[in-house]
Amino acid sequence: MTDFLSSLNEEQCQAVTATEGPLLILAGAGSGKTRVIAHRIAYLIAERGVAPWHILAVTFTNKASQEMRSRVDQLLKGLELNSAPLISTFHSLCVRILRRDIQALNEGYTRSFTIYDQDDSLRLVKNCIKDLGLDDKQVGPRAAQSAISAAKNRGQDPDSYAARAEHIDEKRASIARVFILYEERLRNNNALDFDDLLIKAVRLLRDVPEVREKYNDRFRYILVDEYQDTNSLQFALVSFLTEKQQNICVVGDPDQSIYKWRGADVTNILNFEQHFPATKVIRLEQNYRSTQNILDVASAVVKHNIERKEKSLWTQNPPGERIRYYQAMDAESEARFVAARIEEHRAAESDLRAAVLYRTNAQSRVFEEAMRRANLAYNIVGGFSFYERMEVRDIIAYLKLALNPNDSIALQRVINSPPRGIGKLTLDEIERHAKDYGVSYWETISLLTAGGPQRLSQRAIAALKNFQSIILHLSKLTGPPLAPSPLVGRVGVGLGDADLSPIPSPQAERGEGTAADPSGSPTVREGVDINSAPDHVTVSDSLVSDLVKAAILDTGYENALKGENTDEAEARLENLQELVNAAVDYDEQGAEGLREFIDHSALVSDTDQYKRDAPVTLMTAHSAKGLEFPLVFIVGLEDGLFPHSRAAADAAELEEERRLCYVAMTRAERFLYVTHAVKRRVYGQELASEPSQFLNEMPLELIEDLSRGNSWLAFARGSSTLKDDGELKSHRETKARAQYAGKTYDSVESIADFFRNRAANMPGGAPNLKSQISSSERKTRNSKLKTSSSQHPTSDTQAPSDFPPGSYVRHAKYGRGLVLRREGVGDSMKLTVSFPGYGQKKLVQKYAGLELA
DNA sequence: TAAAGAAAGTTTTTT
DNA sequence: ACTTTCTTTA
C-alpha cells in the first residue's frame, strides 16, 4: 500500500530509510529536500510503526513548517492515527516546552509568562536607557538592543557581559548597565524575549535532568531542516533533546547559509560528524527544479567563494532559455520592465507564478506600485506584517493586559490609546511612584486611584479609574483570577504528573478540527491535556473571538476610530475586522485559548502568510529560501545594494551575500531575469549605481541582453572580444574578468562621461560611497547616457595635482581608477575613487600619491 | 491635553 | 522620501 519510495531516487531512498542513528543529509538546491523529510516522517509512521507523537521536525519558519505539515498530511492521508508528529519552528517548540515546564527552572518565571517581541523588547530597552539617565543619543536603543541580543545569543548573561564591558569603553559599559536592568525587568514582568525562548529552554534541558529525560523519551526521532542556519543555542537544544536516542536527522546545504549575521554557525553542519560519531552522510546532488542554464549560472557565481566545499549539483533538465538581463534607467523603470515582462509571460501561460526578489525591503515599494498599475495581483512578503500594525498590536496589548495587568510594556502601549485624557504629566507621576514603591504600573495606578499621596487632578484620577475599570472588565471576560504577581507566583512547583503528558501537536491543539478536515489529514485524537492548566494558562471558557471583539469595542477603540472619519481610520477598522476574523478561524479550529492566540501573534511572521498561488510574489531574497517559482526576477543587482554595502568590507560577509545571490537564483525553475538600475533614490537622494559584481561573475554567453540602448552587458561582451585597445586590456582575458572583484569597467566609463559633463565640483555631502547626482544634473545625465557607454574618454587634461570627479588617476597599489567624488578642501581633501578589481576607496589626496592617468 | 508643525533618523537580511 | 519623535501652540 505504501510506495513511499517508488517516487524517490536512490539517494533520497537511502535518506528516507536510514531511520536509526545520526544522519546528515547534504542537500543541494532543488534536490528534493523537503520531499525527503516529509517522506521520512511518513515512512517512520507507516512502515516502521513509530507512534507519530514520538516524531519531532523542526524548521526555522512557520511557512516551512506549514509546508512540511501539509506534505506529511498528504502522504498519510487515509491512515487512522491517534496522534500527529510535532512539526514546529524552533521558537514555538521552545514556547511549548516552557509553557509546560519553565517553573522547574526556578528562576521565578511562571507558566503564564508573556512573550516580548522585537517591538516590546525595544520599548523595554528604551525605558531602561531613560531610567538609567543615559543619553539615548549616545547609546541608541536599537544598537543597545542588538548588542544585548547578540550577547545573549553568545551565551553571556548581563554579569559576564558587564565584566567584560567595564574595560572596553564607556558606551559598552552603558550598554552593560542597560542589559542588567533589561534582564531584571523582563524577569519582574514574567516576560521572555525571542532570545530567551531558546535560552531558557536550553537551560531547562541542561539543568533539570527530569525534564531532559522526559523530552528525550517523547521525541525519539528528530529532524532538523535548514541545519546550516542553526546557531549555537539551537544546536544545544537539539543535542539535549536527542541525547538518549541519537535518532537525529539534519538536512542542509552550506551553500545556502545566509544567516550568519543572526548568529548562525555553519560549523554546526560542517562538524556534525564530529558531534555525532556514528553519523551516516547522504548527498542529494540531483537538482529537479531548474533548467541547466539557470543552474550553470548560479553555480558559476557561487564558485567564486573561497571558503566553500566544492560539490557537484547536476540536473537532467533541458538547458532551457538563457537567463535574461536588463539595465534600467532607474528603480521605476526597472519595476515597469518587470511588470511588463510578467504580463507577457502570463499572457502566454496564464498560471505562471512569478517572484520578484530584492535585497532590502525598502525596494518593495516601487514594485508594488508597478504591479498595481499593471493590474497584477501581487502578494508581498515582509515589511510590516499584519500583526505589526499599530491597531492590531494595541488590541493584542489589551488582551495581554487582561491576562496580566502587571505587564507594564503592554500597559504603556494602550493606557492612552484611544485618547482618554491620560497625558504625559499623569504618566510621569505613575512612573515616579512605580519606581518609588518598586511595583508595576498597574499596581501603582491602583494606589493612586485609591487615594494615595499624589498630586494629580481630579480629572486625571477619573481618567485612570476609567482605564482601570476597562481592564478589570476585560480580565473578567478572559477568566479569573488575575495573574499573581510574578515574583510571588508558584515558584518551585515540581514536575507533577500533568507535566509528563505529551505535548499536544499543533494539530492536536487545533484539534479535532482536523478530523473534519476535508483534505483528510490524519485523525488526531490525543488527550488535549486537561490537567495542564493549574495556572490560568488556558482558563477561559470564552471564545477568543469574543474576547477580541470585547477588546475592540469595550475599550472605546472602535468608537475612537469611527469618530476620526478618515481613510486611514477606515483602513484600521478593516484591519481590526481582519483580526476578529483571524480569531474566529482560530476558534473554529478548536484552539486552546487566548494565551495561545497571543503567542501566535508574536511568533508568526509575515514571511509565513504568503499565498502559494499568488500570480506575483514580492519578497527579499532571504524570505525566498525554500521556495520555488517558474519565473524569477532578481532586481537591484547593484554594487552596494546587492551585495549590500554593509557587507563589502568583510570577505566572509561578501561570501554570504554571494550565497544569498545563489539562493535567489536557484529559486527559478524555468525563467530567470537579472536586472539593475543605473541610478536610484536612496534616502531621498539620487545616487548613481554600478552593476553588481555578481553580474560580472555570471557566464556572459548564458545571458541574453534585453536592455534598450547600450548596457553594461553589451559593453562587457565587447570588451572581452576587443583586441588591442589599451584601455580595455585588463578586461580582455576572461579569467581576469571572472575574478573581477570590483567595479565594472564600462559603467565607470559612463559615470566618467557624466562627470565630465558637470560644470562644478560636488560639494561635500553625506558620506556615501556612491556618487551623488543632483536633480538639476539628472537630465544632462539621462540624455548623455544613451551615447556614453560605448565611448572612450580620453580624459580632459587637468592641472597635475588636481583630480576632479570624472578624471582618472593611478594609484601605486590599486592601479587605474575613476574619481567619483571629492570632499573637503586643502590637506584634508578626500577622494572617492573606483578601482577595477578593488572596489571604491576613500583616499586622502595628500597622502595617496596619485597621478593622473 | 491634543493637534499641528519641525527635526531627526532611516534601510540589510528575521525568529 | 518617508516615518517617527520632539516641540510648539491653541
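Reminder, nothing fancy here: chain letters follow the sequence lines and each chain counts from 1. Side-chain atoms are counted along with the backbone in the values below, which use heavy atoms only and exclude waters and symmetry mates.
Using a 4.0 Å heavy-atom criterion, one finds that A/Phe642 contacts no nucleic acid atom at all. Residue A/Leu425 is in sugar-phosphate contact alone, with no base atom involved, counting any heavy-atom pair closer than 4.0 Å across all strands shown. Residue A/Lys126 is in sugar-phosphate contact alone, with no base atom involved, counting any heavy-atom pair closer than 4.0 Å across all strands shown. Nucleic acid contact for A/Gln363: none, since no nucleic acid atom lies under 4.0 Å from a heavy atom of the residue. Contacts of A/Phe60 with the nucleic acid, taken as non-hydrogen atoms under 4.0 Å apart, involve only primed sugar atoms and P, OP1 or OP2. Within 4.0 Å of A/Asn153, counting heavy atoms only, lies no atom of the nucleic acid at all. Across all strands shown, A/Thr426 has heavy atoms under 4.0 Å from sugar-phosphate atoms exclusively, and none from any base.
For the pair A/Phe194 and B/dT15, the ring geometry does not qualify as stacking, because the centroid separation below 5.5 Å and plane angle under 30° are not jointly satisfied.
No donor-acceptor contact under 3.5 Å links the side chain of A/Arg646 to the base of B/dT12.
OP1 or OP2 of B/dT13 sits under 4.0 Å from a side-chain N or O of A/Asn361. Within the 4.0 Å cut-off from OP1 or OP2 of B/dT12, at least one side-chain nitrogen or oxygen of A/His644 is found. Phosphate proximity of C/dC2 to A/Arg681: absent, as no side-chain N or O sits under 4.0 Å from OP1 or OP2. Of the side-chain N and O atoms in A/Asn416, none sit less than 4.0 angstrom from OP1 or OP2 of B/dT1. OP1 and OP2 of B/dT12 both lie 4.0 Å or more from every side-chain N or O belonging to A/Thr620.
Between A/Glu369 and A/Arg372 there is no salt bridge, since no side-chain nitrogen of the basic residue lies less than 4.0 Å from a carboxylate oxygen of the acidic one. A/Asp330 and A/Arg681 are not joined by a salt bridge, as no carboxylate oxygen comes within less than 4.0 angstrom of a charged side-chain nitrogen.
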